[in-house]
Number of protein chains: 2
Amino acid sequence: MATLKDVARLAGVSVKTVSNVVNGYEFVKPDNRRRVEEALATTGYRPNIGARNLRRGRTGSLALVLPELSIPYFGEMAGLVLEAAGEHEWNVLIEQTLGTRDRERSTLAALGPHMIDAAIVSPEALHARDFDQLDPGIPVVMLGEHSVDVPIDHVGIDNVLAATVATSHLVELGRRRIAAIGAHPYRGTATQRLDGYRAALTAAGLPLRHEYIVQALNYHRRDGADAMAHLLSLPEPPDAVFCFNDLLAIGALRAAAEHGVSVPRDVAVVGFDNNEESAYSMPSLTTIAPDKAAIAHSAVDLIRRRININGGQNLAPEDVQTPFSLEIRESTR
Amino acid sequence: MATLKDVARLAGVSVKTVSNVVNGYEFVKPDNRRRVEEALATTGYRPNIGARNLRRGRTGSLALVLPELSIPYFGEMAGLVLEAAGEHEWNVLIEQTLGTRDRERSTLAALGPHMIDAAIVSPEALHARDFDQLDPGIPVVMLGEHSVDVPIDHVGIDNVLAATVATSHLVELGRRRIAAIGAHPYRGTATQRLDGYRAALTAAGLPLRHEYIVQALNYHRRDGADAMAHLLSLPEPPDAVFCFNDLLAIGALRAAAEHGVSVPRDVAVVGFDNNEESAYSMPSLTTIAPDKAAIAHSAVDLIRRRININGGQNLAPEDVQTPFSLEIRESTR
DNA sequence: CAGGGTCTTTACAACGTTGTACCAACGATG
DNA sequence: CATCGTTGGTACAACGTTGTAAAGACCCTG
């Protein structure tokens with residue numbers, strides 16, 4: 001593999017002149033520039049990024065920390081973050097935490113300032129004090145989850161509002177026994193979505209019935225199916241269900257079908273996330289559709305802001321709210 | 001950020017002795033070792049991976065090149081590759097090609113030997129000669145697609161056999177008008193799956209009807225729906241369909257429902273890939289289930305083999321076939 | 001043609017790490 | 001006591017790049 005030295009020898013100039021040509025430095029004599037460019041071409045020179053970064057003190061990589069790539073929402077988000085980061089010539093190193101606090105913590109701790117310039121974290125089980133682990137010099141943006149006590153940049157939609165919109169939609173359909181699937185003991189977004197659900201019911205003058213609020217410790221399809229089966233076994237089953245993500249909703253659709261309950265006639269279902277699969281489920285799924293591309297771009301922008309503005313240490317943490325919409329499909333039609 | 005030098009000064013030893021302690025070198029006096037370890041702890045030293053790799057001549061990263069993370073199959077595969085690579089302390093840099101030959105080629109070319117130790121590539125549109133772009137010093141493993149002319153390691157299932165199994169399953173159900181969705185002008189796996197489909201029909205003494213073979217230029221849900229709609233509009237529509245991936249099949253299920261055609265009664269459907277969503281579709285999808293974890297592990301193993309065995313340059317390219325099974329669900333029951 | 005500025009190039013050091021070579025102390029051996 | 005091998009430690013160079021400082025070439029002005 002050719003190095004600057006090799007190219008310099010071939011072109012008959014110093015190493016630094018080659019470096020200057022490679023980096024687009026202005027003041028190089030046309031004659032030398034030509035010879036260097038020829039030498040670059042014949043050697044097929046490619047800069048050693050590692051060495052460059054060692055010298056420059058940055059790495060050119062971002063870390064993207066998320067629970068699991070096999071979960072559609074995170075797969076889609078990861079793809080968009082890759083694209084957004086690529087526009088600024090960042091490589092992306094993806095780390096999976098599998099949603100456990102242990103792995104989230106150790107990943108945060110292992111994120112040496114040497115491997116990456118910044119991190120985008122989609123936490124699931126982190127506590128506020130876990131962020132102490134993190135090197136203070138490295139900017140972090142949190143996606144989705146919004147741990148209030150941590151002074152860290154954050155991007156996401158207004159979960160309370162979105163949940164209210166979703167629940168109100170069910171109210172407007174004339175449903176009166178509206179359940180929620182996805183309550184969670186300490187997941188922040190779950191709490192916010194539950195708040196929005198409650199707010200919508202209260203605004204509509206509907207009672208809050210605790211038996212209509214079902215926990216889900218994981219947000220997989222199976223959990224949604226189990227929760228729905230439970231709801232349908234109640235003496236007075238709901239006539240609508242708001243699920244805190246699309247996977248839960250997909251599971252709920254299946255459980256409904258297996259119980260011979262028609263969606264949306266007997267039970268209307270709303271999801272959250274707008275996974276690609278939700279447009280094709282049977283029936284297709286009404287869902288809250290966050291603007292995922294906007295989330296990805298905002299996250300990258302927040303990082304650029306902290307990196308470019310001298311250290312960005314004493315910038316106040318920002319909280320960017322990205323738009324969302326309610327995508328109405330067959331499951332509530 | 002503390003460096004070896006800082007730790008050495010604090011412990012009152014040379015830089016190299018600290019380096020020796022960090023790297024577990026045996027012959028360090030207990031007394032010094034203790035002092036160094038204390039200094040390491042108080043400074044919170046973390047090795048600069050970039051510098052280490054520059055010195056050692058390796059990067060500690062793999063590239064994973066695939067079409068799109070938002071496609072469930074690749075999301076799931078990426079997650080498994082991350083885990084498999086993590087077991088050997090490799091970081092994974094993911095690059096999306098969006099399935100275009102241009103981006104696949106430029107990604108291959110940009111894969112300097114400096115950023116990564118090796119690459120795992122899941123090509124979609126690459127031609128054999130595109131691999132010339134690649135630095136010969138960097139090991140590559142291809143997933144799925146098997147471009148015959150390229151002397152490169154490869155991991156995947158036996159696509160011809162798997163397609164035969166899928167099609168034969170439909171034959172055994174008593175279906176006689178079996179269609180295939182997913183033919184593709186130059187995608188290798190498509191050709192192989194078509195071969196397997198043809199072989200199964202021939203073995204069963206069924207005629208090959210060209211109107212039952214539908215192209216799909218992309219393998220998304222929409223393409224499957226379009227193809228199915230087309231098939232159902234034929235004067236003699238099929239009574240079974242083998243789709244070359246699960247997304248096509250999911251689309252086909254929806255098109256069938258929209259045409260008032262019952263699955264599996266009127267048309268049985270088989271997919272390929274066993275996406276997680278396929279166990280929850282309505283009806284759930286019979287599908288070829290490759291052992292994805294085995295693919296991920298084999299790919300990482302092939303890379304380790306090439307890297308460990310001195311240069312691995314003159315090792316014959318290996319072709320690892322991983323197991324698969326037929327997962328029978330409602331769509332053929 | 002001396003003086004000054006602008007362009008152009010270069011040698012050197014440094015980023016943080018590790019391999020190599022070498023030196024020093026030590027106990028054991030002859 | 002000279003020699004040797006083992007153990008423990010160090011100085012230095014090198015990985016490939018770029019910032020700094022300084023030197024050289026050039027052109028203008030008076």
Side-chain angles (χ1 to χ4, degrees), chain A residues 1-37 39-40 43-61 89 91 112-117 135 137-138 310, chain B residues 1-37 39-40 43-61 89 91 112-117 135 137-138 310:
Chain A
M1 199 61 200
T3 72
L4 283 183
K5 200 152 76 171
D6 303 326
V7 180
R9 194 173 326 132
L10 187 59
V13 296
S14 78
V15 171
K16 190 65 215 279
T17 298
V18 181
S19 170
N20 285 338
V21 170
V22 170
N23 292 295
Y25 182 63
E26 190 181 357
F27 301 117
V28 178
K29 272 212 260 181
D31 185 45
N32 275 346
R33 182 182 298 276
R34 195 183 38 72
R35 291 224 311 287
V36 169
E37 271 162 357
L40 284 166
T43 54
Y45 169 80
R46 325 230 67 209
N48 181 325
I49 313 289
R52 171 180 289 174
N53 290 337
L54 172 60
R55 181 62 241 230
R56 288 192 181 160
R58 58 191 304 270
T59 71
S61 295
E89 320 236 291
N91 287 109
H114 302 307
M115 289 295 296
I116 54 168
D117 294 335
D135 193 86
I138 142 176
N310 63 2
Chain B
M1 197 64 200
T3 71
L4 283 184
K5 199 152 77 172
D6 303 325
V7 180
R9 193 173 328 130
L10 186 59
V13 295
S14 78
V15 171
K16 191 63 214 281
T17 298
V18 181
S19 169
N20 284 339
V21 171
V22 170
N23 292 296
Y25 182 64
E26 190 181 359
F27 300 119
V28 178
K29 270 211 261 183
D31 185 45
N32 278 344
R33 182 183 297 276
R34 194 182 40 72
R35 292 224 309 288
V36 169
E37 271 162 0
L40 283 166
T43 54
Y45 170 80
R46 326 228 64 209
N48 181 325
I49 312 289
R52 172 180 289 175
N53 290 335
L54 173 60
R55 181 62 241 231
R56 288 190 181 164
R58 58 190 302 272
T59 72
S61 295
E89 320 236 292
N91 287 110
H114 303 308
M115 290 294 297
I116 54 167
D117 294 336
D135 192 86
I138 145 178
N310 64 0

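Reckoned from all heavy atoms, side chains included, excluding hydrogens, waters and symmetry mates. Everything numeric in this text was worked out from a predicted model, so none of it was measured. Order of the sequence lines sets the chain letters (A, B, ...), proteins ahead of strands, with each chain counted from 1.
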> Just how far is it from atom CG of B:L40 to atom CZ of B:R35, taken to the nearest 0.5 Å?
Replying inline: 12.5 Å

> B:R34 CZ to D:dG8 P: how many Å, rounded?
Replying inline: 16 Å

> Atom CZ of A:R46 to atom C1' of D:dT17: distance rounded to whole Å?
Replying inline: 16 Å

> What is the distance, rounded to the nearest whole Å, between atom CD1 of A:I49 and atom P of D:dG16?
Replying inline: 14 Å

> Do the non-hydrogen side-chain atoms of B:N48 and A:L54 ever get within less than 4.5 Å of each other?
Replying inline: yes

>> Using a strict heavy-atom distance below 4.0 Å, which residues from residues 18-29 of chain B are in contact with DNA chain D?
In response: B:F27, B:V28, B:K29

>> Assuming nearest nucleotide by heavy-atom distance, tell me which of B:S14 and B:A51 is located more 5' along DNA chain D.
In response: B:S14

> Among D:dT17, D:dT10, C:dG16, which is the nearest nucleotide to the side chain of A:L54?
Replying inline: C:dG16

> Expressed in angstrom and rounded to an integer, what is the separation of A:L40 atom CG from D:dT17 atom C1'?
Replying inline: 14 Å

> Atom CZ of A:F27 and atom CG of A:N20: how far apart are they, to the nearest 0.5 Å?
Replying inline: 11.5 Å

> Start at the 5' end of DNA chain D and walk down; is the nucleotide closest to B:V15 or to A:L4 reached first?
Replying inline: B:V15

>> Taking the side chain as everything from C-beta on, heavy atoms only, tell me whether B:V22 gets closer than 4.5 Å to B:Y45.
In response: yes

> So do the side chains of B:V28 and B:E37 get within less than 4.5 Å of each other, counting heavy atoms only?
Replying inline: no

> Does A:R52 place a side-chain N or O at less than 4.0 Å from the phosphate oxygens OP1/OP2 of D:dG16?
Replying inline: no

> Under 4.0 Å between a side-chain N or O of B:T3 and OP1 or OP2 of C:dG16?
Replying inline: no

> Going by heavy atoms in the side chains, are B:T59 and A:I49 under 4.5 Å from each other?
Replying inline: no

>> Under the salt bridge (charged side-chain N to carboxylate O under 4.0 Å, His left out) definition, can you give me all pairs with a residue in residues 8-23 of chain B, not counting sequence neighbours?
In response: B:D6-B:R9

> Please give, in whole Å, the distance from D:dT17 P to B:M115 CE?
Replying inline: 14 Å

Under 3.5 Å, N/O pairs linking protein and nucleotides 19-21 of chain C:
unit_1, atom_1, unit_2, atom_2, d
C:dG19, O4', B:R55, NH2, 3.4
C:dG19, N7, B:K16, NZ, 2.9

> Does B:T17 have a side-chain nitrogen or oxygen under 4.0 Å from the phosphate oxygens OP1 or OP2 of D:dT10?
Replying inline: yes

> What is the distance, rounded to the nearest whole Å, between atom CG of B:D6 and atom C1' of C:dC15?
Replying inline: 13 Å

> What is the distance from atom CG of A:N91 to atom OG of B:S61, rounded to the nearest 0.5 Å?
Replying inline: 9.0 Å

> Once you round it to whole Å, what is the distance between C1' of C:dT18 and CZ of B:R58?
Replying inline: 14 Å

>> Rounded to whole Å, please give me the gap between CG in A:N53 and P in D:dG19.
In response: 12 Å

> Tell me, do B:K29 and B:V13 make a side-chain contact under 4.5 Å, heavy atoms counted?
Replying inline: no

